[in-house]
Amino acid sequence: LALLLIVALFSRWQPSPQLALLILVAGCGLSAVMLFPWAMLPDVVEFDELQHGLRREGLVYALFTFGQKLAGSAGVFAGAIVASVFGYQQGAEQAPETVRGVALATGPLAAAVFACALALALRFPITRRSHAAARARLRAGESAPPGHRPG
């Protein structure tokens, strides 16, 4: 929401207390987006152990980190494509169409991507209840035998 308000309310991008407040709110939202995957990762490691009978946290963390780096690289590439599509010229005063295009990409387009990510996160199958049950099963020594393939 903050991304949409920043673009909608501040077309000239003049510094103001309202703009600073919206940027602060957007930053808090971004910090949550960056924190949630790291908070979910240990739970995934435990469920993996429960399913496969092996502690593979190194593998899980490596795949996670690789995915983050791949996504970051794709984001930088997409940003460069968007900038070139809207006619961004380095070191020059930007045309109004370019400014509107960049605002569109950083406001509504970014908000739509975050909304899709939220929809996916809400479908995350591990709940407090299922996590507590999985931890209890692991404490009891219950897990799949090594080499077991579920499914």
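What's counted below: heavy atoms across the whole structure, side chains too, no hydrogens, waters or symmetry copies.
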*Asks:* Can you measure from CG (L4) to CG (L109) and round to the nearest 0.5 angstrom?
*Replies:*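 L4 CG to L109 CG: 10.5 Å, rounded to 0.5 Å.
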
*Asks:* Please determine whether residues M34 and L3 belong to a single hydrophobic cluster, defined as Ile, Leu, Val, Met, Phe, Trp and Tyr linked transitively by side-chain heavy-atom distances below 4.5 Å.
*Replies:* yes

*Asks:* Nearest 0.5 angstrom please: L63 CG to L70 CG, how far?
*Replies:*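 So the CG of L63 and the CG of L70 are separated by 11.5 Å.
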
*Asks:* On a heavy-atom basis, which atom in P125 and which in S130 lie closest, and how many Å separate them?
*Replies:* O-OG, 3.9 Å

*Asks:* Would you compute the distance between atom CG of L5 and atom CD1 of I23 and round it to the nearest 0.5 angstrom?
*Replies:* 12.0 Å

*Asks:* State yes or no: do V25 and L19 share one hydrophobic cluster built from I, L, V, M, F, W and Y residues joined by side-chain heavy-atom distances below 4.5 Å, directly or via other members?
*Replies:*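 No; tracing contacts between hydrophobic side chains, which count when under 4.5 Å, never links both residues.
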
*Asks:* Looking at L50 and A134, what are the two nearest heavy atoms and their distance?
*Replies:* CD2-CB, 3.8 Å

*Asks:* Which heavy atom in S31 sits nearest to a heavy atom in C28, and how many Å separate them?
*Replies:* OG-O, 2.6 Å

*Asks:* What about Y61 and I126, same hydrophobic cluster or not, with Ile/Leu/Val/Met/Phe/Trp/Tyr joined at side-chain heavy-atom distances under 4.5 Å?
*Replies:* yes

*Asks:* Would you compute the distance between atom CG of L104 and atom CD of E97 and round it to the nearest 0.5 angstrom?
*Replies:*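 Between L104 CG and E97 CD, I get 13.5 Å after rounding to 0.5 Å.
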
*Asks:* More than 12 heavy atoms of other residues, nucleotides or ligands under 6.0 Å from CZ of F124: is that the case?
*Replies:* yes

*Asks:* Quick one: does any side-chain atom of Q94 pair with a main-chain N or O of Q89 as donor and acceptor, under 3.5 Å?
*Replies:*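 Answer holds: yes.
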
*Asks:* As an exercise, state the distance from CG of L118 to CZ of F114, rounded to the nearest 0.5 Å.
*Replies:*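 Reported to 0.5 Å precision, the distance equals 11.0 Å.
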
*Asks:* Taking it one step at a time, do L22 and Q18 satisfy side-chain contact (heavy atoms from CB on, under 4.5 Å)?
*Replies:* CA-CA 6 Å; L22 282 174; Q18 295 88 356; 5.7 Å; no

*Asks:* Taking only residues two or more places apart in sequence, or in another chain, which ones meet R135 in a salt bridge (Lys or Arg N to Asp or Glu O under 4.0 Å)?
*Replies:* E46

*Asks:* Between A103 and P108, what is the shortest heavy-atom contact and its length?
*Replies:* O-CD, 3.7 Å

*Asks:* With sequence neighbours excluded, tell me which residues meet ring-ring contact (aromatic ring centres under 6.0 Å, His included) with F64.
*Replies:*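 So F64 forms a ring-ring contact (aromatic ring centres under 6.0 Å, His included) with W38.
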
*Asks:* Would V60 and F47 count as a side-chain contact (heavy atoms from CB on, under 4.5 Å) here? Give the steps.
*Replies:* CA-CA 11 Å; V60 174; F47 271 81; over 6 Å; no

